[in-house]
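Let me begin by presenting the structure, written as structure tokens, before commenting on it.
A, B, ... follow the sequence lines: proteins, then strands. Residue 1 opens every chain.
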2 protein chains.
Amino acid sequence: MLRFSKKSDYGLIALKHIASQGEDNVVNAREISEKYNLPPDLLAKILQSLSKSGIIKSQFGSGGGYRMAKKPSEVTLKEIVQSIDGPVHLVGCSREDTDCSIEPQCTIKQMLLNVEQKLEAFFSTITLKDI
Amino acid sequence: MLRFSKKSDYGLIALKHIASQGEDNVVNAREISEKYNLPPDLLAKILQSLSKSGIIKSQFGSGGGYRMAKKPSEVTLKEIVQSIDGPVHLVGCSREDTDCSIEPQCTIKQMLLNVEQKLEAFFSTITLKDI
DNA sequence: TTTTAATCGGACTATATTAGTCTTAGAACT
DNA sequence: AGTTCTAAGACTAATATAGTCCGATTAAAA
Ligand code: SF4
Ligand code: SF4
């Protein structure tokens, strides 16, 4: 059906919130989950992903939380979705791990890889600032 | 992970084949499934979808099969994917049937609908001829 | 007219992915 | 030391995709 996962959806909401709090203000996961009514544990996971990929910085301990690690104008939609859900791959054959059994006879692979590339380029033009 | 379904994938392969056979030559499902090593019953379902949405025409009975109902240059990628997998909806809230519980607090809906629209426009620029 | 080769449609099962929960550990602040 | 937060991984539940099966229908061919 070609849709973003809920995780990406939630991640975008959270990121927008964190970005809106300014550079040095930390926000904790519970706060966000309450404000937008998101599953707390799931949101925690999502923020961890975003932290690991360097989009946000985490601060441990009491009074800790998250803040932006980059400027909103430098965080792309592609980057966000990718760090939460993994790489955008329209077809199986563009992933290393999966080998498509019909690849030898496939007549559309090249074309789909091309579409995929354009799609990624499009998502790269959208930044958190636009959101 | 944002990918096309295998059904769409198979559908594209089949369509390309049908289109390559010219306007009046019918091709049956078994033939295609054998040539590209696709699950026969699944492919049959896919071709039925494409037929119902008017991309291909079916011919019943012995010696029957499918042929194009439109010119390849008039069949868009959006149309194909849509008839096989249903509408492209990046987020739940753009579907009538699903009501998102956090919609009242949602700060990103408008923006995502916009992205979705641009995505559909992009898929509409690609036709079977390009494939 | 009978047989045969095809599509149609729906119900069904199996598999894979996504969504969500829980639990334990570790870090920093008070 | 106690509290409040993130980190990480294992686990379960829900949903979507993938694939199968079967009876009905159609029309060409024998
Ligand atoms: S069928 Fe072709 S396009 Fe699809 S996954 Fe296999 S090789 Fe890639
Ligand atoms: S969270 Fe917002 S964008 Fe996502 S489905 Fe709900 S309303 Fe739409």
Using whole Å, report how far [atom1] of [X] lies from [atom2] of [N].
| X | N | atom1 | atom2 | value |
| --- | --- | --- | --- | --- |
| A:Lys6 | D:dA13 | NZ | P | 18 Å |
| A:Leu43 | C:dA19 | CG | C1' | 13 Å |
| B:Lys57 | C:dA6 | NZ | C1' | 18 Å |
| B:Asp41 | C:dA6 | CG | P | 14 Å |
| B:Arg67 | C:dA6 | CZ | C1' | 14 Å |
| A:Leu2 | C:dT18 | CG | P | 12 Å |
| A:Gln48 | C:dC22 | CD | C1' | 13 Å |
| B:Asp9 | D:dT17 | CG | C1' | 13 Å |

Answer yes or no: does a side-chain N or O of [X] lie under 4.0 Å from OP1 or OP2 of [N]?
| X | N | value |
| --- | --- | --- |
| A:Ser5 | C:dA19 | yes |
| B:Ser51 | C:dC8 | yes |
| B:Arg3 | D:dA18 | yes |
| A:Arg30 | D:dT4 | no |

Identify which nucleotide among C:dG20, D:dT26, C:dA28 has an atom closest to any side-chain atom of B:Phe60, counting heavy atoms from C-beta outward.
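Nearest nucleotide to the side chain: D:dT26.
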
The side chain of B:Leu42 is closest to which nucleotide in this list: D:dA18, D:dT6, C:dT21?
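Minimum distance to the B:Leu42 side chain belongs to D:dA18.
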
A:Asn114 and side chain to side chain contact (heavy atoms under 4.5 Å, CB included): which single residue from A:Met111, A:Lys118, A:Gln110 fits?
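The option that passes is A:Lys118.
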
Touch check for [X], heavy atoms < 4.0 angstrom, all strands: base, sugar-phosphate only, or nothing?
| X | answer |
| --- | --- |
| B:Ala29 | sugar-phosphate |
| B:Asn28 | sugar-phosphate |
| B:Tyr10 | sugar-phosphate |
| B:Lys45 | base |

If you go through the side-chain atoms of B:Lys52, does one of them form a donor-acceptor pair with the base of C:dG9 closer than 3.5 Å?
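Looking at the base of C:dG9, it does not pair with any donor or acceptor on the side chain of B:Lys52 (distance under 3.5 Å).
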
Residue met sooner reading DNA chain C from 5', once A:Ser62 and A:Lys7 are mapped to nucleotides:
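Checking each residue's closest nucleotide, the 5'-ward one belongs to A:Lys7.
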
For the atom pair OG1 (B:Thr76) and CG (B:Leu128), what is the distance rounded to the nearest 0.5 Å?
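Separation between the atoms: 10.0 Å.
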
Do the side chains of A:Thr127 and A:Leu77 get nearer than 4.5 Å, heavy atoms only?
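A:Leu77 vs A:Thr127: side chains apart.
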
Salt bridge check, A:Glu79 against A:Lys70: does any charged N sit closer than 4.0 Å to a carboxylate O?
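Yes, charged N to carboxylate O under 4.0 Å.
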
Between the main-chain N or O of A:Glu31 and the side-chain N or O of A:Glu34, is there a donor-acceptor pair closer than 3.5 Å?
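Such a contact is absent between A:Glu34 side chain and A:Glu31 backbone.
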
